[in-house]
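All remarks here apply to the structure that follows.
Sequence positions, counted from 1, serve as the residue numbers for this chain. Note that ligands are numbered from 1 as they come in the structure, with each ligand's atoms numbered from 1 the same way.
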Amino acid sequence: MIQKQFIPNTYKNTIEKGSYTWSSPSNIALVKYWGKKEHQIPENPSISFTLDNCKTITTLSFVKKNTDNFSFDIFLDGEKKDDFKPKIETFFKRIENYLPFLKAYHFTIETSNTFPHSSGIASSASGMSALALCLMSIEKALNPDMSEAHFIKKASFLARLGSGSACRSLEGDLVVWGKHKQIDGSSDLFGIKYPFHVHENFKNYNDAILLVDKGEKQVSSTLGHNLMHNHPFAQERFKQAHDNLSNLIKILKTGDLKNFIDLVESEALTLHAMMMTSMPYFILMKPNTLEIINKIWSYRQDTGIPVCFTLDAGANVHVLYPEKHTEKVNQFIKNELVVYCQNGHYICDKIGFGAKQL
Ligand code: PMV
């Protein structure tokens, strides 16, 4: 599938060498993307909060060369990472049609994450979006007439080809990816800023990420997505995601915290239910994931504080709550949840507003 709108005309400028740096955040989905078609096209629309503190900072340096191949080195925290190369090479091959300069330069990719390495937090969303933005900065230098709107849309389009959910990391505070009938401009090809009114209750929401298991995932998300092909509940699930997004539009508008909690927790458990009912089946939650979920339910029942959880494709728990309850919820986390975190580790984050060029 070739998307003509993202194939550039001939470039105006020539550039010998240079360097760009972007910082790009992670995101946490409220309505989840799970299941994809060819070319990273999602089976259903998704929506996420952009995060603030959990981000990747990437510097891309480039210098002209004469050979006709992909040539790059990659460093994480200053250390050469040849094991990352196949993933980047696959990414470059996928986006070569859209960035014809890719073989004209040797690249040095220097990247670091603000969250601890091997924290179990996926760095693919922040990492791929940061790299896509750096590449777009080169294209913008080659073609300075490019509009801001095209820049960000194409960067999201490219990030999606690196890792699906990465296309939701460029802007904030809420991003939709995937065609949805009520959301004009929504697309399977890139993320867009959520276009509707959001009630005060959902401004500055907090997300405390409880690190239950920092190990490597037993099943990669690529494999998990693929298991949605021929999954007995797939079609119902995809339909449910559309309906949930419709309902969320109302919830976000009216500030309905009760229905927000029901929808978000149901989405998280449905995601994991899809994993458990795949063939082969698998479980990414750990005993402590369930301990935390039960504690959150009791605390909410006892205090009436609208705190809820969501999960991504792993054992860690994202604890979501409105900013005004920060003090009490932090105390609750310290008193009752930290014991379930590996080495007592958790990360306090909040809604953020997207990537920045440094
Ligand atoms: O972007 P991927 O291929 O790593 O998939 C991410 C899938 C979930 O995190 C489980 C859900 C989502 O929408 O982010």
Open item on the list: Can a side-chain donor-acceptor contact be found between Ser129 and Ser24 if the only test is distance below 3.5 angstrom?
Closed with: yes
Task: Heavy atoms from other residues, nucleotides or ligands near NZ of Lys64 exceed 12 (cutoff 6.0 Å) - done: yes
Open item on the list: If I compare all heavy atoms of Asn27 with all of Ala125, which pair ends up nearest, and what's the gap?
Closed with: ND2-CB, 3.9 Å
N or O contacts of ligand 1 with protein under 3.5 Å, please list pair by pair.
residue, atom, partner, partner atom, Å
ligand 1, 1 (O), Ser163, OG, 3.3
ligand 1, 1 (O), Ser165, N, 2.9
ligand 1, 1 (O), Ser165, OG, 2.6
ligand 1, 3 (O), His225, NE2, 3.0
ligand 1, 4 (O), Ser221, OG, 2.9
ligand 1, 5 (O), His225, NE2, 3.0
ligand 1, 13 (O), Tyr33, N, 2.9
ligand 1, 13 (O), Arg168, NH1, 2.9
ligand 1, 13 (O), Arg168, NH2, 3.2
ligand 1, 14 (O), Arg168, NH2, 2.7

Open item on the list: Please enumerate all residues that pass side-chain hydrogen bond (donor to acceptor under 3.5 Å, both in side chains) together with Ser246, with sequence neighbours excluded.
Closed with: His180, Gln182
TODO: Please confirm whether Phe62 and Tyr105 have ring centers closer than 6.0 angstrom.
DONE: yes
Open item on the list: I'd like to know whether the aromatic ring centres of Tyr205 and Tyr321 sit less than 6.0 Å apart in this structure.
Closed with: no
